[in-house]
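The structure under discussion appears below in the form of structure tokens.
What's counted below: heavy atoms across the whole structure, side chains too, no hydrogens, waters or symmetry copies.
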Amino acid sequence: QVQLEESGGGLVQAGGSLRLSCAASGRTASSNAMGWFRQAPGKEREIVVGISRRGGRTYVADSVKGRFTISRDNAKNTVYLQMNTLKPEDTAVYYCAAGPSGPGIILTYYYEYAYWGQGTQVTVSS
């Protein structure tokens with residue numbers, strides 16, 4: 001079992017930056033690929049970024065490419081989402097997720113993830 005807790009959300013002006021953190025607990029936290037999803041009102045949950053269990057490979061959705069970066073520190077059992085040049089369309093609830101995976105594997109579909117955080121709101125004002 002893996003428990004996830006997000007932090008770092010809030011209100012920011014367009015063009016600003018935020019860093020989200022996801023603290024994972026549980027014996028097998030570092031054995032999981034990790035990802036960040038987001039869900040805006042009236043829209044489906046979508047993957048934003050993903051990272052393999054040791055951090056050697058990452059995935060970034062086209063909508064945030066060049067602006068968002070995912071990283072992880074397995075010694076701290078924490079995954080980060082650095083968001084730069086934020087736009088109003090980035091407004092959503094952001095969820096951290098973890099899923100058991102093999103080495104070097106990135107999970108990109110929500111059903112591949114077994115564990116989810118409670119979500120943190122990110123609001124970007126224009």
Side-chain angles (χ1 to χ4, degrees):
Q1 192 78 2
V2 177
Q3 294 80 41
L4 304 173
E5 184 172 0
E6 304 100 333
S7 61
L11 173 65
V12 64
Q13 288 188 333
S17 297
L18 280 176
R19 189 176 80 156
L20 305 184
S21 298
C22 174
S25 60
R27 290 189 303 167
T28 59
S30 61
S31 298
N32 288 267
M34 303 288 292
W36 287 93
F37 287 72
R38 67 185 182 186
Q39 188 167 19
K43 295 188 176 181
E44 294 185 352
R45 190 171 299 191
E46 63 174 356
I47 188 165
V48 179
V49 290
I51 191 166
S52 58
R53 65 186 196 184
R54 293 191 178 184
R57 296 186 64 219
T58 61
Y59 165 84
V60 181
D62 287 343
S63 58
V64 302
K65 196 162 290 184
R67 301 187 298 120
F68 289 15
T69 305
I70 186 171
S71 61
R72 67 189 296 167
D73 184 342
N74 284 348
K76 297 181 178 180
N77 283 334
T78 303
V79 176
Y80 304 98
L81 174 60
Q82 179 66 44
M83 305 184 292
N84 298 326
T85 319
L86 282 159
K87 304 176 181 180
E89 51 263 44
D90 295 319
T91 295
V93 177
Y94 284 71
Y95 298 90
C96 176
S101 69
I105 301 298
I106 302 171
L107 307 177
T108 57
Y109 296 98
Y110 73 91
Y111 55 78
E112 296 180 298
Y113 287 87
Y115 310 105
W116 293 83
Q118 81 286 355
T120 185
Q121 177 70 46
V122 171
T123 302
V124 184
S125 63
S126 57

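Taking the six-membered ring for Trp and thresholds of 30 and 60 degrees, Tyr113 and Phe37 have ring planes more than 60 degrees apart, a perpendicular arrangement.
Placement of Trp36 and Leu86 within a single hydrophobic cluster is found when ILVMFWY residues are connected by side-chain heavy-atom separations under 4.5 Å, directly or transitively. Cluster membership for Phe68 and Val79, using ILVMFWY side-chain heavy atoms within less than 4.5 angstrom, is shared. Using a 4.5 Å cut-off between side-chain heavy atoms of Ile, Leu, Val, Met, Phe, Trp and Tyr, with links allowed through other members, Tyr115 and Ile51 fall into the same hydrophobic cluster. Under the 4.5 Å side-chain contact rule for hydrophobic residues, Val2 and Leu107 do not share a cluster.
With contacts defined as side-chain heavy-atom distances shorter than 4.5 Å, the pair Gln82/Ser17 qualifies. A heavy-atom distance below 4.5 Å is not found between the side chains of Thr58 and Val49.
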Side-chain donor-acceptor distances from residues 59-67 under 3.5 Å, at least two apart:
residue	atom	partner	partner atom	Å
Asp62	OD1	Lys65	NZ	3.1
Arg67	NH1	Thr85	O	2.9
Arg67	NH1	Asp90	OD2	2.7
Arg67	NH2	Ser63	O	3.1
Arg67	NH2	Asp90	OD1	3.0
Arg67	NH2	Asp90	OD2	3.4

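For the atom pair CG (Leu18) and CE (Met83), the distance works out to 4.5 Å, reported to the nearest 0.5 Å. Between the OG atom of Ser71 and the CE atom of Met34 there is a distance of 11.0 Å, given to the nearest 0.5 Å. Note: Tyr94 OH to Leu81 CG = 7.0 Å, rounded to the nearest 0.5 Å. Rounding to the nearest 0.5 angstrom, the gap separating the CD atom in Gln13 from the OG atom in Ser126 is 9.5 Å. Taken to the nearest 0.5 Å, the CZ atom of Arg54 stands 9.0 Å off from the OG atom of Ser31.
Side-chain atoms of Glu5 do not come within 3.5 Å of backbone N or O of Gly117 as any donor-acceptor pair.
Minimum interatomic distance between Gly119 and Tyr95 (heavy atoms only, all atoms of both residues): CA-CD2, 3.6 Å. In terms of heavy atoms, Ile106 sits closest to Ser52 at CG1-N, 4.1 Å. The two residues Val124 and Thr91 have their closest heavy-atom pair at N-OG1, 2.9 Å. Across all their heavy atoms, Ala33 and Ile105 have their closest contact at CB-O, 3.7 Å. The shortest heavy-atom contact between Lys43 and Gln39 is O-NE2, 3.1 Å. Nearest heavy-atom pair, Ala23 versus Thr78, reported as atom, atom and distance to 0.1 Å: CA-OG1, 4.3 Å.
Applying the 6.0 Å contact sphere to CD of Gln121 captures more than 12 heavy atoms from other residues, nucleotides or ligands. Within a 6.0 Å sphere centred on CD of Glu44, other residues, nucleotides and ligands contribute 12 heavy atoms or fewer.
Between Trp116 and Tyr110, a ring centre-to-centre spacing not shorter than 6.0 Å is recorded.
For Glu46, the salt bridge (charged side-chain N to carboxylate O under 4.0 Å, His left out) criterion is met by Arg38, not counting sequence neighbours.
Legend: disulfide (SG to SG under 2.5 Å) pairs involving residues 87-126, not counting sequence neighbours, sorted by first then second residue: Cys22-Cys96.
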